[in-house]
2 protein chains.
Amino acid sequence: MNSKMDSQTQILEIAERRMRISGYNAVSYRDIAGDLGIKSSSLHYHFPKKEDLGMALVQRYSQLFQQRLETQTKSLTHPKDKLAEFIDIYRHALIKQKLVCLCAILGAEAPGLPPMITKEVNTFFEANIAWLKDIYTDLKCKNAATLATSTLSLLEGAMIVSSVNKNNDIFEAAAELIEQQFIISSK
Amino acid sequence: MNSKMDSQTQILEIAERRMRISGYNAVSYRDIAGDLGIKSSSLHYHFPKKEDLGMALVQRYSQLFQQRLETQTKSLTHPKDKLAEFIDIYRHALIKQKLVCLCAILGAEAPGLPPMITKEVNTFFEANIAWLKDIYTDLKCKNAATLATSTLSLLEGAMIVSSVNKNNDIFEAAAELIEQQFIISSK
DNA sequence: GTCTATAAGATGATAGAC
DNA sequence: GTCTATCATCTTATAGAC
């Protein structure tokens with residue numbers, strides 16, 4: 001299904017995977033090039049500086065997230081169903097891909113990253129929060145802003161704790177709490 | 001107040017600060033030695049391998065956390081007050097120290113770290129979860145296990161999102177949600 | 001405990017051939 | 001687009017003097 005992937009996309013797929021395992025600084029041009037069977041100097045043709053690669057990674061991650069969110073929710077009418085799909089994108093990242101969110105790991109490392117990359121991670125979070133706030137507003141929750149930031153925080157945190165403790169139940173407990181108690185308790 | 005700090009402690013303080021800014025791989029013996037005004041080779045006397053330093057860092061972080069938790073809660077009788085103190089330790093780390101939790105950043109990088117360090121981060125999370133589960137059990141919450149893992153996840157995640165978005169309100173929203181709705185909604 | 005000296009390897013990055 | 005060759009710099013780490 002990915003046989004026609006162009007070089008840029010192939011590079012980004014591999015780099016994303018590696019960065020979601022061990023972070024920004026642990027990933028080298030050599031590692032990525034090795035996976036692709038090319039030389040590290042060839043990578044610099046596509047992404048001259050590491051910062052360019054990092055920026056492209058976060059931008060692509062954000063873009064794909066928004067696309068999936070739109071695709072998976074466009075036919076849904078109930079905000080609760082839309083929220084379930086939002087959670088499902090995070091679930092897919094953790095349980096199917098077996099990786100934490102790119103912005104969870106880059107977010108944790110943010111103060112030590114090039115400022116442009118930190119800004120891009122910030123934009124990802126802001127977009128998530130805005131989308132969630134609309135959902136909670138539609139659900140007539142009086143504390144929509146609090147629920148929005150806390151939903152994002154809980155999902156990002158649960159990915160990390162689940163990953164470290166190798167226990168998906170931790171993520172599922174968070175998902176259940178959001179879907180059941182966040183909404184019910186605040187109406 | 002820290003004038004009599006021995007070398008080991010000084011090293012650990014500086015290394016912890018740096019790792020909580022940019023992660024495990026971004027911190028070098030040179031950086032730490034530079035802050036201390038000594039040579040990197042001197043650091044190897046105290047911590048022969050980087051893994052030794054990493055292990056000592058997480059163990060010390062866990063130990064200090066447990067100590068603070070005990071000190072701040074021993075005179076308290078109500079579980080709700082104890083929970084507030086637990087949250088306050090996280091708040092202090094984020095708002096006073098202006099850093100995320102060491103185990104949030106190492107947890108995110110965990111799959112790429114030496115296994116012993118990952119195990120130590122896991123132990124920190126487990127201890128937190130066990131303490132929280134006791135609190136929620138005392139509060140007669142029927143879903144104590146879910147609330148325990150989700151409280152930890154929410155605090156860790158909120159630190160990261162607050163840090164990236166430079167907005168402490170995100171952390172405070174999470175704290176409020178835990179103190180008010182986690183308990184009330186589940187009784 | 002801290003220093004100098006040193007090592008082997010990794011890192012991001014560039015110049016220029018094909 | 002990818003290669004070879006090369007670079008300065010940084011990295012963890014060790015040996016041995018003071």
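So that the names make sense, note that chain A is the first sequence line, chain B the second, and so on, each numbered from 1. The model shown is predicted, which means the values in this text are computed figures rather than measured ones.
- Here C:dA13 presents its C1' atom at 14 Å from CG of A:Leu53, a figure rounded to the nearest Å.
- D:dT12 atom C1' lies 13 Å from atom CG of B:Asp31, rounded to whole Å.
- The environment of CD in B:Glu70 is sparse: at most 12 heavy-atom neighbours from other residues, nucleotides or ligands sit within 6.0 Å.
- The interatomic distance linking B:Asn25 (CG) with C:dT11 (C1') rounds to 12 Å, in whole Å.
- If you find the closest nucleotide of DNA chain D to A:Arg30 and to A:Tyr45, the one lying nearer the 5' end belongs to A:Tyr45.
- Taking side-chain N and O atoms only, B:Ser7 has no distance below 4.0 Å to OP1 or OP2 of C:dG1.
- Contact check on B:Asp52 versus B:Lys49 returns no salt bridge, with no Lys/Arg side-chain nitrogen under 4.0 Å from an Asp/Glu carboxylate oxygen.
- B:Phe124 and B:Phe65 have perpendicular rings, their planes meeting at more than 60° on a 0 to 90° scale where under 30° would count as parallel.
- For A:Ser42, no side-chain nitrogen or oxygen approaches OP1 or OP2 of D:dG1 to under 4.0 Å.
- B:Ser7 and B:Tyr45 are not linked by any side-chain donor-acceptor pair at a separation below 3.5 angstrom, with hydrogens and angles left out of the test.
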Using nucleotides 13-18 of chain D, report all nitrogen or oxygen pairs with the protein that are shorter than 3.5 Å.
from: D:dA13; atom 1: OP2; to: B:Lys50; atom 2: N; distance (Å): 2.6
from: D:dA13; atom 1: N7; to: B:His44; atom 2: NE2; distance (Å): 3.3
from: D:dT14; atom 1: OP1; to: B:Lys49; atom 2: NZ; distance (Å): 3.1

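- One atom, CG of A:Asp52, and another, P of C:dG12, lie 13 Å apart when rounded to the nearest Å.
- Distance, B:Ile11 CD1 to C:dG1 P: 10 Å, rounded to whole Å.
- Each of A:Leu83, A:Ile178, A:Ile135, A:Leu147 was checked for a side chain to side chain contact (heavy atoms under 4.5 Å, CB included) with A:Ile183, and the lone residue meeting it is A:Leu83.
- Between A:Glu85 and A:Lys74 there is no salt bridge, since none of the side-chain N atoms of the basic residue sits less than 4.0 Å from a carboxylate O of the acidic one.
- The separation between B:Leu43 atom CG and C:dT2 atom C1' is 11 Å, rounded to whole Å.
- A:Asp138 and A:Lys82 are not joined by a salt bridge, as no carboxylate oxygen comes within less than 4.0 angstrom of a charged side-chain nitrogen.
- Direction of the helix axis in the helix from C:dG1-D:dC18 to C:dC18-D:dG1 shifts by 10° between the two five-pair termini, rounded to 10°.
- The distance between atom NZ of B:Lys39 and atom C1' of C:dA5, rounded to the nearest whole Å, is 12 Å.
- Regarding B:Ile32, its CD1 atom lies at a distance of 16 Å from the P atom of D:dC10, rounded to whole Å.
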Output a table of donor-acceptor pairs, distance under 3.5 Å, between side-chain atoms of residues 94-104 of chain B and any protein atom two or more places apart or on a different chain; print 'none' if there are none.
from: B:Gln97; atom 1: OE1; to: B:Arg20; atom 2: NH1; distance (Å): 2.9
from: B:Gln97; atom 1: OE1; to: B:Arg20; atom 2: NH2; distance (Å): 2.8

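- By the 4.0 Å N-to-carboxylate-O rule, A:Glu13 lies close enough to A:Arg60 to be salt-bridged with it.
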